[in-house]
Amino acid sequence: MKALISVDYTNDFVADDGHLTAGKPAQAIEQSIYNLTKQFIERGDMVFFTIDLHDLNDNFHPESKLFPPHNLRGTSGRELYGKLDSYYQKIKDLSNVLWLDKRHYSAFSGTDLDIRLRERGITNLTICGVLTDICVLHTAIDAYNLGYQITISKSAVASLSEEAKIFALNHFKSVLGAKVID
Ligand code: ZN
């Protein structure tokens, strides 16, 4: 069994009116991320939606000094964006779909993702979502340190700038030993 780690493809990071949006580059991967998710579901592999969760006025959180409030609890900003949200509504009760809230960039930080993967004997992860050079990268670094094999689908990740995306894709390949595919 393999797993897809789907990172932060929510309204706040993707929609035009999102609170920390990557905008067009993130919207451009909508079809790819949907296709990839469908592929994993139909093969019976695991899909983990690992999604930022913040509380307003959480002044102890380091991100409160770095970014405007985003993905706040109970807001539509932390719902999945577009096609991925409609698809999630259909598959969310399946046993191979899990939603994990996270507070930090990495999907492993403060979550039980590693335990959930080990329970299932999963060693091979595909990571998709936004932003390539922030949450996807930090998730990939933790996955590398925990000994997972990593695949990144180029067409299912997005950054604010092309430059940032190229940096991260190179890092996945040459530093984390990831397989970078189309
Ligand atoms: Zn955040």
Side-chain angles (χ1 to χ4, degrees), residues 3-30 32-34 36-37 47-85 87-88 92 97-117 125-146 148 150 152-153 156-169 171-172 176 178:
L4 180 67
I5 312 298
S6 187
V7 180
D8 286 339
Y9 199 68
T10 64
N11 291 323
D12 267 353
F13 288 110
V14 182
D16 281 334
D17 59 354
H19 290 146
L20 190 53
T21 189
K24 298 291 175 260
Q27 291 160 23
I29 68 168
E30 183 179 4
S32 300
I33 199 167
Y34 164 79
L36 188 65
T37 310
V47 176
F48 290 91
F49 291 94
T50 60
I51 307 296
D52 240 13
L53 169 64
H54 293 295
D55 290 302
L56 197 59
N57 303 323
D58 181 2
N59 300 326
F60 294 104
H61 197 297
E63 277 180 44
S64 66
K65 291 174 196 69
L66 298 168
F67 300 111
H70 59 277
N71 271 40
L72 293 176
R73 189 186 300 276
T75 64
S76 59
R78 71 184 298 265
E79 287 167 14
L80 298 171
Y81 175 82
K83 273 189 150 175
L84 191 62
D85 185 54
Y87 187 53
Y88 173 73
K92 63 181 179 187
V97 176
L98 264 177
W99 180 288
L100 296 183
D101 293 331
K102 67 181 180 70
R103 278 183 83 232
H104 291 153
Y105 305 138
S106 169
F108 289 94
S109 176
T111 72
D112 66 357
L113 178 59
D114 183 46
I115 295 168
R116 301 271 187 178
L117 291 166
L125 311 181
T126 298
I127 309 172
C128 67
V130 294
L131 299 174
T132 324
D133 53 310
I134 305 181
C135 289
V136 175
L137 178 63
H138 283 250
T139 299
I141 292 170
D142 278 348
Y144 169 84
N145 287 330
L146 291 163
Y148 291 98
I150 305 161
I152 306 281
S153 167
V157 290
S159 296
L160 275 170
S161 72
E162 199 48 30
E163 206 183 351
K165 184 169 174 176
I166 290 167
F167 158 77
L169 290 175
H171 193 90
F172 295 137
L176 305 180

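Order of appearance sets the numbers: ligands from 1, and atoms from 1 within every ligand. Computed from a predicted model, the values in this text were never measured in an experiment.
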Under 4.0 Å between a side-chain nitrogen and a carboxylate oxygen: does that hold for Arg78 and Asp101? yes

Short side-chain donor-acceptor distance under 3.5 Å, Asp52 and Thr10: no

Residues forming a side chain to side chain contact (heavy atoms under 4.5 Å, CB included) with Tyr81, sequence neighbours excluded: Tyr9, Asn11, Val14, Ala15, Gln27, Glu30

Do you see a donor-acceptor pair shorter than 3.5 Å between the side chains of Tyr148 and Asp114? yes

Total protein N/O/S atoms sitting under 2.8 Å from the Zn ion (ligand 1), waters ignored, is 4

Which salt bridge (Lys or Arg N to Asp or Glu O under 4.0 Å) pairs, counting each pair once, include a residue from residues 158-168, with sequence neighbours left out? none

For Ser159, check side chain to side chain donor-acceptor pair (under 3.5 Å) against everything at least two apart and list the hits. Thr132, Asp133

